[in-house]
Amino acid sequence: MISGTTKLIAHLGYPTHSFKAPLIYNPYFEKNDIDAVVVPMGCRPEDYPAFLKLVFRLSNIHGALVTMPHKISTMALLGEVSKSAQVAGACNAVRLGPNGTLIGDMFDGEGFVRGVLRRGRQVRGSRAMMIGAGGVGSAIAASLAQAEIAELALYDAHVPMMNGLADRLRLHYPTLKVTTGSADPAGYDIVVNATPLGMNDNDPLPLDVSRISPSAFVGEVVLKQEITPFLAAVRARGCEFQVGVDMLFEQIPAYLEFFGFPTTTAEELRAIAKV
């Protein structure tokens, strides 16, 4: 039940028809008697800078979830930005600081890292290779760096994007070894597909699966189906892996902590979600 005391979390993006967050957060809030609600708000890009400022003038606003197409443009509208958001070049969560400052963070990559750790795998001191240096890839790279990965190899067909991410990583994490330009996954402990390859039935595999060590942990970001052709191939090699939707459920506890709500587990969220 929404009342005059309910804390409002705006879900900002455009269009809103595909939004899944309200179907996960709101059942969790209801089950745990948390007086809060996530509300989709369809805001066009041309209106967004003014609207973000206005929505945080509301007396019952608690925070905002930010999705496409506003993740990048949000960065210039904030008073304080986390290191992860700076590396990613984008933001997907905003809350008010004690003096009214807008504080932004990025949790897309946090879900990936939490999933790796929950499966008992090591991130700190490991070597990772990631193909895809766009929005989600940049967020995963930022979270891997924050989790003290020792080496991160990047590959993207769009070289300026790849080099830009590498430069931001080197700036914020000077002890991290960052390499670019090779799509060979051989010898890495963690391998990530952060490209859209797998969204369409006729897509090629993002990299040569035969070069992945069977002992490697493999991650996927494509959400179209749980077992993409890429994951089917790495499963056949005996690799442990994480499906794309896992990253969504794993990152929500990090959001809850950011907003100051009681946290939970990905398992509980999966059990009660309406998606």
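Atom set for the values below is all heavy atoms of this structure, side chains included, hydrogens, waters and symmetry mates excluded. For clarity, every value in this text was computed on a predicted model and none was experimentally measured.
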* **Residues clustering with Tyr14 (ILVMFWY side chains joined when closer than 4.5 Å, directly or via others)** => none
* Give a yes or no on whether the ring-centroid distance for His62 and Phe261 is below 6.0 angstrom. => yes
* Asked: Counting distance only, does the side-chain N/O of Ser126 pair as donor-acceptor with the main-chain N or O of Gln122 below 3.5 Å?
  -> yes
* What's the spacing between Arg95 CZ and Ile103 CD1 if we round to 0.5 Å? -> 4.0 Å
* Flag the pair Phe259 / Leu65 as yes when at least one side-chain heavy-atom distance between them is below 4.5 Å, and no otherwise. => yes
* Side-chain heavy-atom pair Pro49, Ser73 within 4.5 angstrom cut-off -> no
* Donor-acceptor contact present, side-chain Asp108 to main-chain Ala139, <3.5 Å -> no
* Considering all heavy atoms of both residues, which atom of Gly132 and which atom of Ala194 are nearest to each other, and what is their separation? -> O-CB, 3.7 Å
* Structure fact -> Joining Ile, Leu, Val, Met, Phe, Trp and Tyr whenever any side-chain heavy atoms lie under 4.5 Å apart, the cluster holding Leu171 also takes in none
* If you look at every heavy atom in Ala128 and Leu144, which pair is closest and at what distance? -> CB-CD1, 4.3 Å
* Where is the tightest heavy-atom contact between Thr74 and His70, given as atom of each residue plus distance? -> OG1-O, 2.6 Å
* How would you list all residue pairs meeting ring-ring contact (aromatic ring centres under 6.0 Å, His included) that involve residues 115-164, not counting sequence neighbours? -> none
* To do: State which residues pass side chain to side chain donor-acceptor pair (under 3.5 Å) with Ser213; sequence neighbours excluded, sorted by chain then number.
  => Ser215
* Do side-chain atoms of Asn200 reach the backbone of Asn202 as a donor and acceptor pair under 3.5 angstrom? -> no
* To do: Output all residues satisfying side chain to side chain contact (heavy atoms under 4.5 Å, CB included) with Thr175, sequence neighbours left out; order by chain, then residue number.
  => none
* Asked: At what distance, to the nearest 0.5 angstrom, does CG of Leu152 lie from OG1 of Thr180?
  -> 10.5 Å
* Criterion side chain to side chain contact (heavy atoms under 4.5 Å, CB included) on Val209 and Val218, from CA distance to verdict -> CA-CA 10 Å; Val209 171; Val218 179; over 6 Å; no
* Asked: If you round to the nearest 0.5 Å, how far is CG of Asp35 from OG1 of Thr5?
  -> 3.5 Å
* **Separation between CG of Asn26 and CD1 of Ile272, rounded to the nearest 0.5 Å** => 10.0 Å
* Asked: Does Arg237 CZ have over 12 foreign heavy atoms under 6.0 Å away?
  -> yes
* Asked: Linking I/L/V/M/F/W/Y whenever their side-chain heavy atoms sit closer than 4.5 Å, directly or via other members, would Tyr255 and Phe249 fall into one cluster?
  -> yes
* Sequence-distant partners of Phe258, ring-ring contact (aromatic ring centres under 6.0 Å, His included), two or more places apart -> Phe107
* To do: State plainly whether the residues Asp246 and Arg114 are in salt-bridge range, i.e. N to O under 4.0 Å.
  => no
* **Check: Thr228/Glu220 side-chain N/O donor and acceptor closer than 3.5 Å** => yes
* Asked: So, for Arg119 and Gly115, which heavy atoms are closest and what is the spacing to 0.1 Å?
  -> NH1-O, 3.0 Å
* Kindly check if the number of other-residue, nucleotide or ligand heavy atoms within 6.0 Å of CD1 (Ile72) is above 12? => no
* Using a strict cut-off of less than 4.0 Å between a Lys/Arg side-chain nitrogen and an Asp/Glu carboxylate oxygen, indicate whether Glu30 and Lys274 qualify as a salt bridge. => no
* **ILVMFWY cluster, Met68 and Val136 together (side-chain gap under 4.5 Å)** => no
* Does Leu77 sit in a hydrophobic cluster with other residues, and if so which ones, taking ILVMFWY side chains as linked at heavy-atom separations under 4.5 Å, directly or through other members? -> Ile2, Leu8, Leu12, Val37, Val39, Met41, Tyr48, Phe51, Leu52, Val55, Phe56, Leu58, Ile61, Val66, Met75, Leu78, Val81, Val94, Leu96, Leu102
* For Tyr28, all residues meeting ring-ring contact (aromatic ring centres under 6.0 Å, His included), sequence neighbours excluded -> none
* So if you build clusters from Ile, Leu, Val, Met, Phe, Trp, Tyr with side-chain heavy-atom gaps below 4.5 Å, do Leu231 and Val192 land together? -> no
* To do: In sequence, state the C-alpha distance, the side-chain angles, and the governing distance for Ser82 and Ser84, and then conclude on side-chain hydrogen bond (donor to acceptor under 3.5 Å, both in side chains).
  => CA-CA 5 Å; Ser82 72; Ser84 290; 4.8 Å; no
* Would you check if the side chain of Asn92 reaches a backbone N or O of Lys71 as a donor-acceptor pair within less than 3.5 Å? => no
* To do: Would you check, one step at a time, whether the test side chain to side chain contact (heavy atoms under 4.5 Å, CB included) holds for Glu110 with Gln146?
  => CA-CA 9 Å; Glu110 181 70 12; Gln146 186 177 45; 4.0 Å; yes
* Output every pair passing ring-ring contact (aromatic ring centres under 6.0 Å, His included) with a member in residues 117-149, not counting sequence neighbours, ordered by first then second residue. => none
* If two hydrophobic side chains count as joined below 4.5 Å and joins carry through other members, does Tyr188 share a cluster with Val234? -> yes
* Ser182-Asp184 side chain donor-acceptor pair, cut-off 3.5 Å -> no
* Start with the C-alpha distance between Phe29 and Thr6, add both sets of side-chain angles, then the distance that settles side chain to side chain contact (heavy atoms under 4.5 Å, CB included), and finish with yes or no. => CA-CA 11 Å; Phe29 291 151; Thr6 302; over 6 Å; no
* Minimum heavy-atom distance between Ala216 and Ile212, given as atom pair plus value -> CB-CG2, 3.8 Å
Only distances under 3.5 Å count here; give the side-chain donor-acceptor pairs of residues 159-169 to other protein atoms, sequence neighbours excluded, each with its distance to 0.1 Å.
| from | atom 1 | to | atom 2 | distance (Å) |
| --- | --- | --- | --- | --- |
| Arg168 | NE | Val87 | O | 2.5 |
| Arg168 | NH1 | Gly164 | O | 3.4 |
| Arg168 | NH2 | Val87 | O | 3.2 |

* Asked: So, the side chain of Asp203 versus the backbone of Gly198: is there a donor-acceptor pair under 3.5 Å, distance only?
  -> yes
* **Common cluster, Leu176/Met129, ILVMFWY with side-chain heavy-atom separation under 4.5 Å** => no
* To do: Identify, with sequence neighbours excluded, every residue that meets side chain to side chain contact (heavy atoms under 4.5 Å, CB included) alongside Lys20.
  => Val275
* Asked: For Met247 and Phe112, which heavy atoms make the closest approach, and how far apart are they?
  -> CG-N, 3.3 Å
* Structure fact -> Value for OG1 (Thr263) from CD (Glu268), rounded to nearest 0.5 Å, stands at 9.5 Å
* Structure fact -> Sorted by chain and residue number, the ring-ring contact (aromatic ring centres under 6.0 Å, His included) partners of Tyr173 (sequence neighbours excluded) come out as none
* Test side chain to side chain contact (heavy atoms under 4.5 Å, CB included) applied to Tyr25 and Ile34, step by step -> CA-CA 10 Å; Tyr25 284 89; Ile34 298 170; over 6 Å; no
* Asked: Do Leu207 and Asn193 have side-chain heavy atoms sitting under 4.5 Å apart?
  -> no
* Rounded to the nearest 0.5 Å, how far does CD1 of Ile190 lie from CD1 of Ile140? -> 11.0 Å
